[in-house]
Amino acid sequence: QKEVEQNSGPLSVPEGAIASLNCTYSDRGSQSFFWYRQYSGKSPELIMFIYSNGDKEDGRFTAQLNKASQYVSLLIRDSQPSDSATYLCAVKGDGGYQKVTFGTGTKLQVIP
Amino acid sequence: EPEVTQTPSHQVTQMGQEVILRCVPISNHLYFYWYRQILGQKVEFLVSFYNNEISEKSEIFDDQFSVERPDGSNFTLKIRSTKLEDSAMYFCASSPATGMNTEAFFGQGTRLTVV
């Protein structure tokens, strides 16, 4: 059973601070890693994906991947109240498979 | 910007009834998916569909479920005899290809309530 683990939170950070969201996964064959944002009652919205070890930056967001440790993280710089949402880590296996396994999500609260 | 559209946004049905959830994927996408999310729980993969057939399905996707692409634009999920535990948000998604750097785009979801 492939598992994706996230701390459910809530993670509270003050406005302007860096929010750090973490995710671990069990399947060593996992190839692609996605971060989605989900507002309450809404659908997941892709923030970014990463598939190579190291960091990937997109605006205020940085994804970090360490395949040896089976760990992926998302940093949100200059957090805004509008960033308050649940952040879903999702993992996809080898290219031949389309199934994406989601974690339970971490609820982020950015305090004005 | 192209998007995945789902109808209806909310469906209420009686236990034992059949429901059909509808989706229009992004027009040039080739891979289609259904996911569900029970309230307060994680998003769960149900099925993927490519080239007019199921390419992968989860253990949740039992004989009560079926998918169909009846024409060139719609992608449907049918639940034959709904149970209370089928109450969830159902998300359709599509992607242009499959591979390491290909993400799925999600529709806004259909909230299914079985009473």
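Reminder, nothing fancy here: chain letters follow the sequence lines and each chain counts from 1. Every value quoted in this text rests on a predicted model; they were computed, and no experiment measured them.
- Minimum interatomic distance between A:Ser43 and B:Gly107 (heavy atoms only, all atoms of both residues): CB-O, 2.9 Å.
- Put simply, B:Tyr50 and B:Val24 are part of two different groups of oily side chains (I, L, V, M, F, W, Y) that touch within less than 4.5 Å, one to the next.
- Residue contact with chain A, scored on non-hydrogen atoms closer than 4.5 Å, involves the backbone and the side chain of B:Gln108 alike.
- If you chain together hydrophobic residues whose side chains sit under 4.5 Å apart, A:Tyr39 and A:Tyr36 never meet in one group.
- Around CG of B:Asp63, the count of heavy atoms belonging to other residues, nucleotides or ligands within 6.0 Å does not exceed 12.
- Within 6.0 Å of the NZ atom in B:Lys57, the count of heavy atoms belonging to other residues, nucleotides or ligands does not exceed 12.
- In this structure, A:Glu45 CD and B:Phe105 CZ are separated by 11.0 Å, a value rounded to the nearest 0.5 Å.
- Only the side chain of B:Gln37 comes within contact range of chain A, with at least one heavy atom under 4.5 Å from a heavy atom of that chain.
- Contact check for B:Tyr35 versus A:Val100: side-chain heavy atoms found under the 4.5 Å cut-off.
- Cluster membership check: B:Phe32 does not share its hydrophobic cluster with B:Ile20, using side-chain heavy-atom separations under 4.5 Å among Ile, Leu, Val, Met, Phe, Trp and Tyr.
- In this structure, A:Leu46 is not a member of the same hydrophobic cluster as A:Leu75, with clusters built from ILVMFWY side-chain heavy atoms closer than 4.5 Å.
- Ring centroid separation for the pair A:Phe102 and B:Phe45 does not come in under the 6.0 Å cut-off.
- In terms of heavy atoms, A:Pro44 sits closest to B:Phe106 at O-CB, 3.7 Å.
- Linking ILVMFWY residues whenever their side-chain heavy atoms come closer than 4.5 Å, directly or via other members, places A:Phe49 and B:Tyr33 in the same cluster.
- There is no contact between A:Gln6 and chain B, counting heavy-atom distances below 4.5 Å.
- Between the A:Thr104 side chain and the B:Lys42 main chain, no donor and acceptor come within less than 3.5 Å of each other.
- Both the backbone and the side chain of B:Ala104 come within contact range of chain A, each with at least one heavy atom under 4.5 Å from a heavy atom of that chain.
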